[in-house]
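What follows is a single structure, written as structure tokens, with notes after it.
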Amino acid sequence: MRNILLAVASIGLVAAAPSAQPYANAGSIALPDGAGWDYSTFDPVHDRLFVTHGDAVAMVDLAHGNSVHMIGSIHHGHAVVPIAGTDDIAVTSGHDATVRLINVVSGKQLASIAVPADPDAAIIDPASGYLLTMNADAGKVTEVDLKNAKIVKEIPLESGLEYAVIGPHRTLFVNNEDRNEIETVNLATGKPGTPIALPGCEGPTGMALDAAHDRVISSCANGVAEVVDVMTHKVEQAVPIGTGPDAVLVDPVRRLALIPCGKSGTLEVLDLGGAKVRKLASVSTEVGARTGALDLRSGMIYLPTAKFNPPSEQGKRPQAIAGSFHFLILKPQHAR
């Protein structure tokens, strides 16, 4: 998320007639102001929606009237990971290189765990139950024992780490935004593998696993999504998308990959139903909507974004307009 620049002009890219669009605007949820945001996460067990927002976590309690709560005190948060069987979350705090464990009911911090520099993306390894943090500046993956609030292992890779997924044989695939490749790790042994080059991809950030076809999809800042076979570690396809993507969401129920693109203001909808990935549509969203969360049950997509003033100086980031931060909600229109 470090090299994504937001634009101030929305470009609506439509791949089909409006009646054929697979998603429609279903309203929004207003959120408090704050400096920046990053990953958003949906917790289906408790119907909670999270997004790191500056120095706190915004939580929307969808089960109780979409009530909004600001939780914790962090330093430039990135990822929020709900901890199974609890009301706790793990949050990567980038500027002070920590993982914070926070109870969302009380709002109290339970632990602060020091990790290598600039923890960004984070996922749970189902096999071990450990939290894996991608420490972008340090170029390391950290295994964190959440029950005992301690580091188990650090795996050296290269700086520039972004989002990651776990594929077959406990292979970790990690986007490297700076080197335009995917780093690999054998989680069973803790040893790095051979990186996968992404030719034609600049700044890969978002990633998701299409488990049904043994492939990962990486979204690139220059308007392409690259599809990699996780068994052969070879690039199979390069699919044109919008610009400024920062996440990939896979909906296995509807056999779709969903890529929010913040500069073009589009949601790219890719069909995963066949041997080849096929682009279905570009749905107009809002400028700045570059990450998102998905409710697999309903198919609803939640995209955090805001309205923007033009940048104060050329080359600077545009500034969010006070009171405009929100989740844009998209609803699926057609059964598949």
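Between the side chain of Asn135 and the backbone N or O of Ala138, no donor-acceptor pair lies under 3.5 Å. In this structure, the side chain of Asn176 does not engage the main chain of Leu161 through any donor-acceptor pair within 3.5 Å. Judged by distance alone, the side chain of Asp251 and the main-chain N or O of Leu258 form no donor-acceptor pair under 3.5 Å. Between the Thr285 side chain and the Gly265 main chain, a donor and an acceptor come within less than 3.5 Å of each other. Side-chain atoms of Asp33 come within 3.5 Å of backbone atoms of Gly323 as a donor-acceptor pair (strictly under, hydrogens ignored). Checking side-chain atoms of Thr305 against main-chain N and O of Val287 turns up a donor-acceptor pair under 3.5 Å. The backbone N or O of Thr266 sits nowhere less than 3.5 Å from a side-chain atom of Ser282 that would complete a donor-acceptor pair. Arg179 contributes no side-chain N or O that, together with a main-chain N or O of Ser159, makes up a donor-acceptor pair within less than 3.5 Å.
Residues passing the side-chain contact (heavy atoms from CB on, under 4.5 Å) test with Ala293 are Ser40, Phe42, Leu49, sequence neighbours excluded. Residues forming a salt bridge (Lys or Arg N to Asp or Glu O under 4.0 Å) with Asp43 (at least two apart in sequence, or on another chain): none. Taking the side-chain contact (heavy atoms from CB on, under 4.5 Å) definition, one finds that Glu202 meets it with Asn222, sequence neighbours left out. Contacts of Ala149 classified as side-chain contact (heavy atoms from CB on, under 4.5 Å), with partners at least two apart in sequence or in another chain: Leu101, Ala111, Ile113. By the side-chain contact (heavy atoms from CB on, under 4.5 Å) test, Ala238 pairs with Val224, Glu226, sequence neighbours left out.
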Donor-acceptor pairs under 3.5 angstrom involving side-chain atoms of residues 125-132: please list them, not counting sequence neighbours.
| from | atom 1 | to | atom 2 | distance (Å) |
| --- | --- | --- | --- | --- |
| Asp125 | OD1 | Ala127 | N | 3.1 |
| Asp125 | OD2 | Ser128 | OG | 3.1 |
| Asp125 | OD2 | Arg170 | NH2 | 2.4 |
| Ser128 | OG | Tyr130 | N | 3.1 |

Report all side-chain donor-acceptor pairs from residues 60-69 shorter than 3.5 Å, counting only partners two or more places apart or in another chain.
| from | atom 1 | to | atom 2 | distance (Å) |
| --- | --- | --- | --- | --- |
| Asp61 | OD1 | Ala63 | N | 3.2 |
| Asp61 | OD1 | His64 | N | 3.4 |
| Asp61 | OD1 | His64 | ND1 | 3.1 |
| Asp61 | OD2 | His64 | ND1 | 3.0 |
| Ser67 | OG | His64 | O | 3.4 |
| Ser67 | OG | His69 | NE2 | 3.2 |

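Each salt bridge (charged side-chain N to carboxylate O under 4.0 Å, His left out) pair with one or both residues in residues 300-315, not counting sequence neighbours, appears once here: Glu286-Lys307. Among residues at least two apart or in separate chains, salt bridge (charged side-chain N to carboxylate O under 4.0 Å, His left out) pairs with a member in residues 89-115 are Asp96-Arg100. Screening residues 187-240 for ring pair (Phe, Tyr, Trp, His ring centres under 6.0 Å) gives Phe173-His233 as the qualifying pairs, with residues at least two apart or on separate chains. Pairs engaging residues 83-93 under the salt bridge (charged side-chain N to carboxylate O under 4.0 Å, His left out) rule: Arg48-Asp87 [sequence neighbours left out]. Listed by first then second residue, pairs satisfying ring pair (Phe, Tyr, Trp, His ring centres under 6.0 Å) with a partner in residues 88-114 read His76-His95, not counting sequence neighbours.
The six-membered or imidazole ring of His78 lies away from that of Tyr39, with a centre-to-centre distance of 6.0 Å or more.
By the 4.0 Å N-to-carboxylate-O rule, Asp229 lies too far from Arg215 to be salt-bridged with it. Between Arg297 and Asp295, at least one side-chain N (NZ, or NE/NH1/NH2) sits under 4.0 Å from a carboxylate O, which counts as a salt bridge.
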